[in-house]
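Below is one structure, written out as structure tokens; the observations come after it.
Starting from 1, each residue takes its place in the sequence as its number. Keep in mind the model is a prediction, meaning the values are calculated, not measured.
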Amino acid sequence: MRTPVNDFHDEIRALAETPGRGPAPLALRRRLPGLPLADADAHLAALRAGRAPGARLRAVAAKALRPPAPCVPAIRRSGDPAIRRSGQ
């Protein structure tokens, strides 16, 4: 099963194959802004070597790339005391 982390790693691998070192680290740091530079280098080195990053780095990526929880609107029942007090 594909996850957002798999897609992210594929994107970074593709950027790492481009000439120069610039695009891949920038994309990595942009998507994972709290990642220290040393960890970003380790993450990129693993991806360039065709390996998966270490468990800790994968966990950081998974947490940062997790989609936000859906917003659920509040539902008020007609018996809600707040509604009765306001006269609605």
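Summarising the geometry of Leu28 relative to Ile12, their closest heavy-atom pair is N-CD1, 3.8 Å, with the distance given to 0.1 Å.
If you take CG on Asp10 and CG on Leu15, they are separated by 11.0 Å, rounding to the nearest 0.5 Å.
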Would you give me the side-chain donor-acceptor pairs under 3.5 Å for residues 30-37, sequence neighbours excluded?
| from | atom 1 | to | atom 2 | distance (Å) |
| --- | --- | --- | --- | --- |
| Arg31 | NH1 | Glu11 | OE1 | 2.9 |

Side-chain donor/acceptor pairs under 3.5 Å, residues 49-60, sequence neighbours excluded:
| from | atom 1 | to | atom 2 | distance (Å) |
| --- | --- | --- | --- | --- |
| Arg56 | NH1 | Asp39 | OD2 | 3.2 |
| Arg56 | NH2 | Asp39 | OD1 | 3.0 |
| Arg56 | NH2 | Asp39 | OD2 | 3.4 |
| Arg58 | NH1 | Pro53 | O | 2.5 |

